[in-house]
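Let me begin by presenting the structure, written as C-alpha cells, before commenting on it.
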Amino acid sequence: MAAGRPVLEAVVVGGGPAGLTAAIALAGAGVPTALVAGRPRPTDNRTTALLTGSVTALKTLGVWQLGQANAAPLRVMRIVDDTGRLLRAPEVRFEAEEIGLEAFGYNIENRYLVAAMLALACKITALEVIAEDATNVAVGADAVTVTLESGDTVMARLAVGADGRRSACRAAAGIATESSRYPQAALTLTLRHSRPHHDTSTEFHRPSGPFTLVPLPSQRSSLVFVTDPQDAARLKALPDAKLAAAIEERSHSILGKIEVEPERGMFPLAVERARTLGAHRVALVGEAAHVIPPIGAQGLNLGLRDAATIGELVAAAHRRGHNPGADELTSRYAQMRRADVMSRTLAVDLLNRSLLSEFLPLQGARGLGLTLLQHIGPLRRATMREGVAPAAAQPRLMRGERL
Ligand SMILES: Cc1cc2nc3c(=O)[nH]c(=O)nc-3n(C[C@H](O)[C@H](O)[C@H](O)COP(=O)(O)OP(=O)(O)OC[C@H]3O[C@@H](n4cnc5c(N)ncnc54)[C@H](O)[C@@H]3O)c2cc1C
C-alpha cells in the first residue's frame, strides 16, 4: 500500500469470522474500509453452530448463499446429564418446531464459512483485503494507524479490533479485560458414523465438561469434547481406532460405529470480557471483546451480533457525514452490546462452573433449572426464543434488513 494514501473511514484488524463479517457489513454499505486479514494461518478444524439470527444476517450480506451447501440444519438440541451424580437432571430436549422454526440454525465447518466470507470480501469494491499481519496499532487524535509487516501503514478514523484473544487493537485503546481460566481444554474433531444424527445435536454434561456432538451434512458430526487438559492431550495423541472407541463409549453409541477424520484441535478454555467494547477510536468484536466456553453455541453468534451492530452504526454515521471514530459512536456501540455480552458470558460461565463444582447446592440448582425447563412448556419456549434471538440485541442484519 502506498504511503500518503487518504485516511479511510474504517480499518478492520483480524480476518477471522467476526472480522470478515464486520468488514463485509461496513464495505457492503459503501463505507471505505481496509481489512488487515493477517497471514494465512493453519486451518481451523472447528465447526460453528450458527443460530437463526446469524444465518439471516449472513444471508442478508450474501455470504450464506456461498456456504450453505456445506451446512447441516439443527432441528433438535438435547442436553443429557451424564455426570453420574446423586443430583442428576432429566434429559432436556429442545425442538425448533415448538417455537415455529424449521431449525434453530445450521452447523458449518469453519473452513467453509471463512472461505465463503473471504470470497465475498474480495469482490466488494469499497473493501481492500490485505493479507498481512498488523505489527503495530497506534491510536492518534484523528485516526488510528495500523502498521503492516511490510512497513506500510493504513490509517482510518475507526479501527474495528477483530484480532482475537490477544488483541493489539484492544491494547492500543487501553481497554482492560476481566478473565479467568478453567481447568479444561476442548478437543475438537469431525467424525463419520454408522447411524443418522436426525439433525439432532446432543450435549452430554459430564463432570469434566460438556461432550457435544453436532450434525454435519450426511452421516458426519463434529465433536467438542471438553475435559481436563491432560486428558484432552492424551486423547488427542491416541491412534484413530482407539480414539474412535473412546468417543463411541462416551457417546453411549447413539451414533453407532465411529470413524474419526484426520485433523484434531485443542483449545484451552477461558472466560474473558473486555471492560468496554468501544473507546478511543476502537470498537472490539468477536473474541477480542469476549471469550466464553463452547456451551450452547454462543461465542461466534455473539461475535456476529457485534459485527452487525458496528456495521449498522458506522453505515448510518457515514450516510450522515459523521465521524465513525467519534467517542459518541464508540460509546453508543459499547452501550448497545453490553447487556447481550454480559448476560451470555455470565450464563455460560455459571453453567460450566455448575458442572465442575462438587458443591451440592449448586449441582441441585442446576438440576432444578433443567427439570423446570423440561417440564414447563412456556419457560422452555421462552428460553429457546431467547437462545436463538436475544431480546436485548437484534441488529438490523439479524432481522434481514440491509444496512
Ligand atoms: C471448541 C470451540 C467450539 C466452538 N463452537 C462454537 C459454535 O458452535 N458456535 C459459536 O457461535 N461459537 C463457537 N465457538 C466460538 C467461536 O469459535 C469463536 O467465537 C470465534 O472463532 C471467534 O472468531 P473471531 O473472528 O473473533 O476470532 P478468531 O477466529 O480468533 O480470529 C482472529 C483473527 O485475527 C487474526 N489476527 C490476530 N492478530 C492479528 C494481527 N496482529 N494482524 C492481523 N490479524 C491478526 C488471527 O490470525 C485470526 O484470523 C467455539 C469455540 C471453541 C473453542
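Every number for a ligand or one of its atoms is a count from 1 in the order of the listing.
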Polar atom proximity, Asn110 to ligand 1 (N or O, under 3.5 Å): no
Where ligand 1 meets Gly286 - atom numbers and elements under 4.0 angstrom, heavy-atom basis: 26 (O)
For Ala18, atoms of ligand 1 separated by under 4.0 Å from a heavy atom: 24 (P), 25 (O), 26 (O)
Protein contact to atom 4 (C) of ligand 1 [nearest heavy atom, distance to 0.1 Å]: Pro294 CB, 3.8 Å
Protein heavy atom at shortest distance from atom 42 (N) of ligand 1: Ala134 N, 2.9 Å
Numbered atoms and elements of ligand 1 in range of Ala162, under 4.0 angstrom, heavy atoms: 32 (C), 33 (C), 34 (O)
Residue and atom name of the nearest protein heavy atom (relative to atom 34 (O) of ligand 1), distance in Å to one decimal: Gly14 CA, 3.4 Å
Within 6.0 angstrom of Arg234 CZ, more than 12 heavy atoms from elsewhere: yes
Criterion salt bridge (Lys or Arg N to Asp or Glu O under 4.0 Å) on Arg75 and Glu95, from CA distance to verdict: CA-CA 6 Å; Arg75 300 191 207 279; Glu95 295 186 13; over 6 Å; no
Close approach of Pro17 to ligand 1, heavy atoms, under 4.0 angstrom: yes
Arg166 atom CZ, over 12 foreign heavy atoms within 6.0 Å: no
Thr47, portion touching ligand 1 at heavy-atom distance under 4.0 Å: backbone
Cation over ring face, Arg46 and Phe267, 6.0 Å, 45°: yes
Minimum-distance protein heavy atom relative to atom 46 (C) of ligand 1: Arg41 NH2, 4.2 Å
Aromatic ring pairing Phe204/His252, orientation class (parallel under 30°, perpendicular over 60°, tilted between): tilted
Salt bridge (Lys or Arg N to Asp or Glu O under 4.0 Å) between Glu263 and Arg111, intermediate numbers included: CA-CA 12 Å; Glu263 284 166 39; Arg111 62 193 167 119; over 6 Å; no
Side-chain H-bond candidate by donor/acceptor type, Ser222 with Asn107, under 3.5 Å: yes
Selection from Asp306, Leu74, Leu300 by shortest heavy-atom distance to atom 14 (N) of ligand 1: Leu300
Protein contact of atom 39 (C) of ligand 1 - nearest heavy atom, named by residue and atom, plus distance: Asp163 CB, 3.9 Å
Numbering as shown, the atoms of ligand 1 that approach Ala49 to under 4.0 Å (heavy-atom distance): 7 (C), 8 (O), 9 (N), 11 (O)
Side-chain heavy atoms of Leu223 within contact of Val260, under 4.5 Å: no
Passing option when Arg264 is tested against Asn45, Thr188, Asp240, Thr190 for side-chain hydrogen bond (donor to acceptor under 3.5 Å, both in side chains): Asp240
Minimum-distance protein heavy atom relative to atom 28 (P) of ligand 1: Gly16 CA, 4.5 Å
Per-atom contacts, ligand 1 versus Thr188 - under 4.0 Å to a heavy atom: 1 (C)
For atom 18 (C) of ligand 1, the protein heavy atom that lies nearest, with its residue and separation: Glu287 OE2, 3.5 Å
Mode of Arg39 contact toward ligand 1 - side chain, backbone, both, neither (heavy atoms, under 4.0 Å): neither
Nearest protein heavy atom with distance in Å, relative to atom 53 (C) of ligand 1: Arg46 NH1, 3.3 Å
Salt bridge Glu259-Arg192, side-chain N to carboxylate O under 4.0 Å: no
Heavy-atom side-chain contact between His197 and Leu213 under 4.5 Å: no
